[in-house]
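Every chain is numbered from 1 and lettered A, B, ... according to where its sequence line falls, protein lines coming before strand lines.
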Amino acid sequence: MEQLQLSQSEIEKIREDFPILNRKINDKQLIYLDNAATTQKPLSVIESMSEFLKKSNANIHRAIHILSYEATLAYENAHKIVAKFIGAKSFREIVFVRNATEALNLIAHSFGERFLTSSDEVVLTIMEHHSNIVPWLILRDKIGIKVKFIKTKEDGTLDYDEAEKLITKRTKLLGVIQASNVLGTVNNILRLRDLAKSVNAKFLVDGAQSLPHIPINVSDLGCDFFVASAHKMVGPTGIGFLYAKRELLEEMPPFLTGGDMIREVTVDGATWNELPFKFEAGTPAFTEAVGFAEAIKYLQNIKIERILNYEKTLEKYILEKLKTMSFIEFYGHQKGEHLALFSFNIKGVHPHDAASFLNSFGIAVRSGNHCAQPLMNHLKIENALRASFYFYNTNNEAEKLFSTLEEANKFFNR
Amino acid sequence: MEQLQLSQSEIEKIREDFPILNRKINDKQLIYLDNAATTQKPLSVIESMSEFLKKSNANIHRAIHILSYEATLAYENAHKIVAKFIGAKSFREIVFVRNATEALNLIAHSFGERFLTSSDEVVLTIMEHHSNIVPWLILRDKIGIKVKFIKTKEDGTLDYDEAEKLITKRTKLLGVIQASNVLGTVNNILRLRDLAKSVNAKFLVDGAQSLPHIPINVSDLGCDFFVASAHKMVGPTGIGFLYAKRELLEEMPPFLTGGDMIREVTVDGATWNELPFKFEAGTPAFTEAVGFAEAIKYLQNIKIERILNYEKTLEKYILEKLKTMSFIEFYGHQKGEHLALFSFNIKGVHPHDAASFLNSFGIAVRSGNHCAQPLMNHLKIENALRASFYFYNTNNEAEKLFSTLEEANKFFNR
Amino acid sequence: MEENKPLDIDPLMMEFLLDHYKHPHNYGELEPAEMSYEDGNPSCGDQIKISLNTKNGIVDEIKFKGKGCIVSQSAASILTDMVKGKKIEDIKTISREEMLENLIIPIGPMRLKCALLALKVLKRAIWGKQFDGDDEDE
Amino acid sequence: MEENKPLDIDPLMMEFLLDHYKHPHNYGELEPAEMSYEDGNPSCGDQIKISLNTKNGIVDEIKFKGKGCIVSQSAASILTDMVKGKKIEDIKTISREEMLENLIIPIGPMRLKCALLALKVLKRAIWGKQFDGDDEDE
Ligand SMILES: Cc1ncc(COP(=O)(O)O)c(C=O)c1O
Ligand SMILES: Cc1ncc(COP(=O)(O)O)c(C=O)c1O
Ligand code: FES
Ligand code: FES
């Protein structure tokens with residue numbers, strides 16, 4: 001029987017799939033801990049795209065020739081693979097876009113335009129990434145909806161009591177980040193879903209950080225919208241998706257318009273193509289769809305459940321250690337579930353200086369506000385370091401991070 | 001001194017750069033004549049992206065670590081390479097988007113929202129691709145502008161007399177396709193520019209079909225907007241660009257919003273990042289930007305002028321031959337400049353049947369309405385075959401097309 | 001990407017369809033007709049109209065009219081032959097596969113929509129618009 | 001992609017800046033001040049304010065205040081030293097390169113914005129907002 005935990009030797013083998021992990025930085029082995037920004041890619045994903053370009057490249061849809069057929073098949077197949085991966089009922093519920101950001105904009109524009117008016121409210125969490133905040137603020141400025149934010153409590157978890165108060169009959173949409181890209185918190189999605197459903201609001205889940213790590217079934221979850229980016233889950237840049245329930249997609253007007261998404265055009269008007277193509281205007285990123293499909297196959301091959309278990313062990317291990325490092329101030333990870341993603345600061349040291357120091361030793365972490373300024377303001381921090389792990393990261397790499405942080409502390413705080 | 005014409009032996013060498021050209025279809029050598037839909041990619045473009053993914057992959061902007069620096073540099077550099085290629089004054093005038101379609105939608109939304117009101121008119125040509133029609137029709141339905149179309153004359157050229165009448169003081173934007181993806185016609189852009197400027201209208205050029213073949217300098221051209229897709233010019237899918245004059249971009253509101261395009265976000269509102277990033281929300285297609293830059297280098301290495309000259313010779317050769325084939329009805333190519341792009345039908349034969357026949361002999365052409373239904377309606381054709389050539393195509397391939405068309409005619413019209 | 005082996009229409013084999021195309025069976029329109037339906041492929045604009053009359057639950061008369069490619073028009077010719085004299089109930093069970101088999105020659109996947117248009121129109125003529133012949137690919 | 005050889009900040013060399021950071025020169029604010037300006041790096045939120053008084057076209061007094069990373073704050077300390085007693089006119093010609101050289105240690109490109117913030121603020125204090133120190137990269 002297969003182990004539900006990835007073994008050290010499996011990780012070693014997995015690491016060989018990722019060419020970049022051999023890279024040296026200043027003669028030091030690269031330690032890549034910026035996975036929440038984007039993950040690295042296995043050779044199979046890289047090669048699936050080069051092979052496609054060498055053998056089957058052609059524009060999709062409406063051509064009779066074989067290359068176009070192969071490209072179309074691969075492209076539609078990628079929709080099916082994503083649909084299956086997230087438990088959607090049909091590939092028609094999967095709209096390919098550039099990234100989670102575009103998916104969120106599509107919702108705000110198209111759903112917003114069709115379903116929202118000035119007396120309506122959209123409720124978000126204060127943890128949202130800018131991409132699930134700004135489109136709603138823009139919509140607010142345009143049509144006068146109200147946008148409200150559920151705050152976090154002292155312990156870093158969402159304030160579900162406040163959520164109950166904020167979500168009312170006026171709430172037409174509840175939009176929540178499933179896993180925070182700053183705190184690593186995994187929110188209680190089912191509880192939030194029930195709150196949304198109790199007032200008949202649509203329920204939008206930003207899965208950009210969760211889908212790479214956590215098994216997801218949108219049908220079980222009962223969300224109306226789900227978005228994610230391929231590049232954060234060992235897939236290519238340039239592609240992400242919007243999942244939405246079919247009835248919703250049918251009723252929503254198209255967002256981008258042009259070739260491929262229409263049925264008929266005259267100088268007087270146009271009618272739309274069937275789903276999901278109604279929302280996919282112009283030549284899509286079909287090469288990237290091939291890479292995305294391959295990325296999902298790669299993850300399925302390992303199994304998301306095992307990735308999650310491995311990362312949970314890593315998270316506990318790192319958390320225990322961080323607690324012993326008194327010069328470190330870290331945020332979150334107090335209560336509830338978390339990703340192996342940590343935001344922290346060396347006390348008294350600017351995170352950009354600390355990041356430069358780590359970089360000199362080959363360690364890649366992010367530092368900044370992580371596109372979540374409202375959360376940072378709420379937490380009263382300006383900037384933080386963030387180390388985000390993925391299944392190809394090891395305990396050894398975590399150790400190296402700890403010892404280098406100690407060096408940095410000694411250097412800056414002497 | 002370098003020849004201004006590509007020699008046969010150079011073409012042979014160029015063909016070796018394109019792995020897919022070795023492909024066999026039904027044991028026959030692939031003859032790829034669907035370049036207006038998308039072009040094939042040289043190995044250097046394919047490998048620039050795999051190499052990037054194997055060595056420097058990281059999310060761009062705001063990180064201190066070296067991978068991110070390399071990715072950021074490559075990404076910004078790609079803007080500069082595009083800017084230089086089209087004669088833009090600054091890389092800040094180049095906004096990366098998924099494709100020409102997205103660029104046109106960006107203009108219709110952002111420029112339209114900021115600068116157009118119900119009494120304004122947008123003038124287009126009847127030759128436009130759907131992607132430069134539908135966004136304007138949608139805007140018309142939203143805010144009540146008028147959209148007018150300049151027709152073509154019997155000889156397939158634009159009716160410039162009609163254009164003069166249609167363009168009035170109410171015209172706020174003139175949008176024209178530089179080269180038709182159906183007729184191959186290269187429009188008289190300077191004449192159209194002067195018409196637009198005479199009434200102070202903005203001038204938008206859809207360069208999706210022209211930029212791959214014709215030297216372009218947007219500053220000389222004096223256009224306000226210019227759009228194109230990388231995948232039609234030996235570059236990757238998933239990336240294209242909008243060029244717009246800086247003053248315009250400064251005044252236009254952002255279109256997609258979220259990460260990377262903001263300066264500051266609070267729960268109350270947001271301010272925007274500098275150009276061009278204000279228009280590039282979310283993780284961009286940075287891998288594809290690397291491939292696009294490499295594609296432009298590849299074209300520059302050959303020289304666009306030489307590509308154009310070679311294709312002109314090819315166009316003349318094919319045109320002469322088509323004129324002798326009485327069973328062929330072809331459209332356009334009567335007056336003025338044309339790409340080596342031909343739409344035609346075998347009389348009495350449905351183009352999809354003809355395309356199937358050609359496909360059996362390894363010849364990839366497109367058949368359909370080519371996302372230009374208003375033009376097709378105007379020409380009173382429903383569907384057509386289209387053979388579109390690029391610099392890696394040869395006289396021999398054209399010969400093979402002719403003889404196979406003859407076979408097809410014999411078969412279907414016996 | 002997996003290796004795909006798309007079937008393609010061998011032009012020599014197309015002759016069988018070409019005969020039907022040039023000499024279609026059951027061409028025309030019934031007026032009045034008990035049931036009729038017209039539909040097209042939006043991507044190419046091709047059209048087929050089928051009209052039929054029944055007697056005791058059996059297809060008594062059936063005709064088709066249309067314009068389009070060889071595949072779609074010959075399929076209509078073949079399908080109308082197939083169902084003449086058949087019980088209406090049995091038409092429900094005509095599968096896409098059965099339709100394709102009756103075209104004799106293998107149909108390439110890019111032409112499937114052509115090959116199946118007539119079947120869709122026929123089923124809609126009998127069972128109305130809610131019959132969704134398109135959506136096999138979920 | 002071309003091979004890039006990004007310079008990086010060697011932590012051992014950073015010591016030079018660290019000294020300035022911990023013991024900044026010219027720290028504080030002049031009130032009243034003939035010229036002053038405050039600006040920040042939007043991406044990190046760091047700030048620098050420079051105030052100065054001149055005598056006969058020469059920088060007589062200059063002070064800076066701010067919060068931020070070692071690089072930005074030490075650069076302000078170093079820059080204010082550099083220009084004290086200089087002709088205002090000569091400040092115009094202080095190039096980015098000259099600024100970087102005076103930081104002694106090589107500055108990695110990801111930290112350029114940090115290293116050049118003080119220079120930008122100083123120039124804007126003297127010549128106003130139309131001085132666009134950012135846009136060297138066209
Ligand atoms: C003239 C023209 N404009 C725009 C487009 C749209 O390009 P894309 O599908 O890459 O957005 C095309 C593509 O066929 C075209 O030919
Ligand atoms: C939670 C969350 N949502 C959305 C995004 C935006 O993803 P992308 O930049 O791929 O559009 C991110 C990326 O950082 C994220 O962490
Ligand atoms: S091409 Fe239209 S039905 Fe066959
Ligand atoms: S990190 Fe803000 S100025 Fe250096």
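For chain A, the nearby parts of L53(B) are the backbone and the side chain; heavy atoms of each come within less than 4.5 Å. Only the backbone of P284(A) comes within less than 4.5 Å of a heavy atom in chain B; its side chain stays farther off. At a 4.5 Å heavy-atom cutoff, the contact between I126(B) and chain A is made by side-chain atoms alone. Heavy atoms of S229(B) lying under 4.5 Å from chain A are absent altogether. Contact annotation for F255(A): both backbone and side-chain heavy atoms come within less than 4.5 Å of a heavy atom of chain B. For L137(A), the part lying under 4.5 angstrom from a heavy atom of chain B is the side chain only. In this structure, the portions of F286(A) lying under 4.5 Å from any heavy atom of chain B include both its backbone and its side chain. For a residue to count as touching a neighbouring chain, one of its non-hydrogen atoms must lie under 4.5 Å from one of that chain's; by this rule L43(A) touches chain B with the side chain only. For H370(A), no part sits under 4.5 Å from any heavy atom of chain B, backbone or side chain. Using a 4.5 Å cut-off between heavy atoms, T287(A) contacts chain B through both its backbone and its side chain. Residue K24(A) does not touch chain B at all, counting heavy-atom pairs closer than 4.5 Å.
For chain B, the option among L358(A), I133(A), D34(A) with the highest count of heavy-atom pairs below 4.5 Å is D34(A). For the set P253(B), G240(B), S50(B), the count of heavy-atom pairs under 4.5 angstrom toward chain A peaks at S50(B). Contact count against chain B (heavy-atom pairs under 4.5 Å) is highest for V365(A) among V147(A), N22(A), I239(A), V365(A). Chosen from N377(B), I363(B), V267(B), the residue pairing most often with chain A at heavy-atom distances under 4.5 Å is V267(B). When the candidates T237(B), L256(B), T39(B) are compared by the number of heavy-atom contacts under 4.5 Å with chain A, T237(B) comes out ahead. Most heavy-atom pairs under 4.5 Å with chain A, from the set D268(B), D141(B), V45(B): that is D268(B). Of all the listed residues (T101(B), V134(B), I20(B)), the one sharing the greatest number of non-hydrogen pairs under 4.5 Å with chain A is I20(B). With respect to chain A, the highest number of heavy-atom pairs below 4.5 Å among H129(B), E264(B), E128(B), M49(B) belongs to E264(B).
When atom types are taken as modelled, the side chain of N105(B) and the backbone of T257(A) share a donor-acceptor pair closer than 3.5 angstrom. The closest donor-acceptor contact from the side chain of N59(A) to the backbone of T38(B) lies at 3.5 Å or more, if one exists at all. Distance alone, capped at 3.5 Å, is enough to place a donor-acceptor pair between the N359(B) side chain and the I66(A) backbone.
Residues C371(A) and G259(B) come closest through the heavy atom pair SG-CA, 4.0 Å. Across every non-hydrogen atom of R366(B) and S68(A), the tightest pair is NH2-OG, 3.6 Å.
Comment: E47(B) does not engage K54(A) in a salt bridge, judged by the lack of any side-chain N to carboxylate O separation of less than 4.0 angstrom.
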Step-by-step side chain to side chain contact (heavy atoms under 4.5 Å, CB included) determination, L67(A) to L30(B) = CA-CA 9 Å; L67(A) 295 188; L30(B) 166 68; 3.8 Å; yes
Step-by-step side chain to side chain contact (heavy atoms under 4.5 Å, CB included) determination, I262(A) to Q373(B) | CA-CA 11 Å; I262(A) 59 95; Q373(B) 283 181 14; 4.2 Å; yes
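With a 4.5 Å cut-off on side-chain heavy atoms, P374(B) and V265(A) count as touching. Contact check for E102(A) versus R98(B): side-chain heavy atoms found under the 4.5 Å cut-off. Residues S356(A) and H65(B) are not in side-chain contact: their nearest non-hydrogen atoms beyond the backbone lie 4.5 Å or more apart.
Considering Q40(B), H231(B), R23(B) in turn, Q40(B) is the only one that fulfils the side-chain hydrogen bond (donor to acceptor under 3.5 Å, both in side chains) rule with N57(A).
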